[in-house]
Each structure stands twice: as C-alpha cells, then as structure tokens.
**Student:** 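I'd like to ask you about the structure that follows.
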Amino acid sequence: MNNVHSQRVNSLLGALEDIGRDAKRGGYSRPVYSAAETTLREWFIAEATGRSLEVSTDANGIIWAWWDVPGSAKNAASRRGALVTGSHLDSVPGGGAFDGPLGVASALAAYDQLAAREASGELVRNRAMAITVFPEEEGSRFGVACLGSRLLTGAIDPVRALNLRDEQGNTFAEVATAHGLDPARMGRDETALAQIGDFIELHVEQGKGLNSEEHTDHAGRGPAIAVGDTILGHGRWRLSFSGQGNHAGTTLMADRSDPMIAAAQTIVAVRSIGSAQDNARATVGRLEPVPGGTNVIASRVDLWLDVRHPEDAVTAMLVEKIHGQAQKLAAFEGCTVHLTEESFSTTVHFDAGLTRSLAQSVRRLVPGAPLLPTGAGHDAGVLAALVPSGMLYVRNPSGISHSPQEYVEDDDASAGVLALADALEDLL
Ligand code: GLV
Ligand code: MN
Ligand code: MN
C-alpha cells in the first residue's frame, strides 16, 4: 500500500501519542473537555486551519471544518446537503489510540488526497465537504454516549443533558460553559442538520469481524476494510443497591445488609442471563461503592449495566430479568435496589443507498471488503435516524478495543485513508 498515505495518517496520529496517556490504567484517558481532550480538539482545529478549512464550533460543541466549493458563498445555504465525515477524540478510561482519532486523522488525510485531486483537475466538486469532531462519544465523563450527536439530532432533551454530572459532581452545563459554550443554545440544530447530506464515519474495527473465518484467506488474513451494515441496539442502566453502612470489624457477619454482596451476586447473574440469550451482550464494567473504604461496609453500591441485542424487545426483556434477579438478591441481603435507564439506542441499519455506494467505492481498492455488523455504538448510528449515514471499518488484527491493546497496522490505516478518499470522491 502507498506509503505516503500511511505516513500521513501515522504522523497525524503520532502527534497525539503522548496526549492523555493514563499511567495507572495504561492506554489513554481522554474524557470530554478534560485537558487531554481539549488539547486534541485544539490539535484538530490547528490541523484543519492549517489546511485553510473554515473551522467553527457549534452550539453543541461539535467542531466543523469546512471545505467549501470553490467560488461558493461559504454560508449555511451553500453548505446545505454537504458531505460530512468525522469521528470523535474523547476516549473510554484506559482506551486505545485509534477509537475515534483514527477517523478524525483519516478524514484529514483523505481531505489531503482530495485537495490534491482537485488541484490537478482530477476532481471537480459541486458539493461542500466538512470534517466533524463530536464531543462525548464514549459517554465516559457524563454517562450518555454520543452526547454531541444526540443533542444535535434532538435524541436527548438538552435540559436532561445539561444536568448530567461527572464523577466530581460538575454538571455538563458547568463544564460546557467553562469551554465557551452557551447551555441555552444547546439542543436540536436544524441548520446544522440540513448541512449533513450524508455522513460517513471511518473507525477502527472493534471486534473480530474482519478476521473471522468467513472473511479470512488461507493465510488467516482478512481484508483491510469493511463497510458498516448494522449497529446492535444498546443501552446503559444504573442499578443502585442500598444497604446498611457499618463498621467492618464490629459488625457480625450475620448482622449485615451489605449492598456489595447483592451487587456482586447480580454481576454473576448478568453473566449467566446474557450468556443464555443468543446474540446478547451483557456487561458490568463499572461499580462504585459508597463511601468506598477497606474497613467500611458500603451503604450504597452503584453498578452500571451495558446490554446489547439486535432486537430491542429482547434487550428490554434481558434488563427486566436482570432487574428482577437483582431485586431478589438485594432482598435476601436485606438491601433494596433501584434501576435507572441512562441511555438507549435502537438497532441501526445504515442507509441502503449510501452503503451500496460505499461498498462499490471501497471494493475497487479492497475487492473483498465485506459488509459488517458491529456491536459498538457510534455517532454515525445516532445521525442515521435523520440523515443517510454509513461507516468504514479498518481491520484490527486482534479485534481488541476499549483497551490499550487496540491496534491498527500502518498499511491498513493507509488503505483506510484511500478507501475513505475514494468513497468521498464518488459522493462529491
Ligand atoms: C462505544 O464505543 C460503545 O459502543 O459503547
Ligand atoms: Mn469507543
Ligand atoms: Mn468510537
């Protein structure tokens, strides 16, 4: 694969490699509007401005870098129905280097390709293009994933969003204000939505799809790129167990109402309920005992549940089963439990016409590029409710993601840039 492109995307990502490293967890922790994520946003603005793209941050904190049609008015009217590509720069705690930044860096590198093609007369455009960066895609600071795209599309009530709190107790309103945003202007943005004619997000593959038996050759190697097909319906719920906080040394074992026990037994139940259902995923990845002391029986334990399934009714049934089991286990321990839904995204089928176009473009470069479903959520999935959206995935040899071990080979990153550039060119 052409080294120039690989160097371009790698050197873009290389500039980010020391930002937001997490010495304790490994990998990167770049929560939205943290110092690390802010530095990445500034990096993107500098890169886009350096390419003479017109950069602005909208009311919901989404950064837009515009490549207008030569000679056009550069306003909302001339940008209506534009081709938009992008991803996010925030990360999960202890995440990898590619989830989000690969899509943003590849969009910049694909733009470089397209600008060169336009300069040589090979590309003649009659459509504006923009690169976007979405805030809080992971929901790792305020709990609701894809918060920027949910606000943009009206999928979340801005009042609810503004009152979300991070672990330190800061509201989203406070943090957004400190970053120059006006909470009163947040919410569904018809002007911005009208500017998205099609949205394409390139992303690191986050499972074993491209390396599955179905897609690999005799050497066990799958194609470098896939085209997005569906996103598994998914949601997040909080289970709050309440019991009797007490002294670890003076409280006899028989006298305890320990919410940690009910929570621990519920976690085991989540595993068995999830495993018993075909195509389901059920995870507890976060647990918070209050007050959280070694010699303290907790008075409350919050745990966060992530459940995913292609059929939303099955997801609802699984959550109900888990809640029922949690209630039984809590009662047995002399505790209570309360369930709160924090977010839910229905299963997404990407736009058929756009997906066909992406597949055609990508297969010129990577003939075996398959259509691939994913279990991971994306801003493209939220936008898909209102605008034609599609995705490209770049092979991840191990399939590991949301981990420091997430990885993309240079040649595959290069193929991703070229595939994205070709796909965008075909739509411009
Ligand atoms: C985001 O990456 C998610 O799938 O939760
Ligand atoms: Mn992610
Ligand atoms: Mn992502």
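Just follow the structure's listing: the first ligand is 1, and inside any ligand the first atom is 1.
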**Student:** I'd like to check the side chain to side chain contact (heavy atoms under 4.5 Å, CB included) partners of Gln277; sequence neighbours left out, ordered by chain and number.
**Tutor:** Ala280, His309, Val314, Met317, Leu318
**Student:** Return the orientation label for the Phe199 and Phe134 ring planes: parallel under 30°, perpendicular over 60°, tilted otherwise.
**Tutor:** perpendicular
**Student:** Is the His179 to Tyr33 ring centre distance short of 6.0 Å?
**Tutor:** yes
**Student:** Around ligand 1, what residues show up once you keep those with a heavy atom under 4.0 Å from it?
**Tutor:** Glu138, Arg308, Ala376, Gly377, His402
**Student:** Provide the protein N, O or S atoms situated under 2.8 Å from the Mn ion (ligand 2); waters are not included.
**Tutor:** Asp99 OD2, Glu138 OE1, Glu138 OE2, His402 NE2
**Student:** With sequence neighbours excluded, give me every side-chain hydrogen bond (donor to acceptor under 3.5 Å, both in side chains) pair touching residues 146-160.
**Tutor:** Ser149-Asp379, Arg150-Ser345
**Student:** Kindly confirm or rule out a cation-pi arrangement of Arg30 over Tyr28, judged by NZ or CZ under 6.0 Å from the six-membered ring centre and within 45° of its axis?
**Tutor:** yes
**Student:** Are the charged groups of Glu342 and Arg238 less than 4.0 angstrom apart, N to O?
**Tutor:** yes
**Student:** Is there a side-chain contact between Val55 and Trp64 in this structure, where contact means two heavy atoms from C-beta onward sitting under 4.5 Å apart?
**Tutor:** no
**Student:** Check His88 and report its N/O/S atom nearest to the Mn ion (ligand 3), by atom name.
**Tutor:** NE2
**Student:** So Asp229 and His349, side chain to side chain donor-acceptor pair (under 3.5 Å) or not? Walk me through it.
**Tutor:** CA-CA 6 Å; Asp229 184 12; His349 297 265; 5.6 Å; no
**Student:** Under a 4.0 Å threshold between the charged nitrogen and the carboxylate oxygen, would Arg125 count as salt-bridged to Asp68?
**Tutor:** no
**Student:** Salt bridge between Asp90 and Arg141, side-chain N to carboxylate O under 4.0 Å?
**Tutor:** no
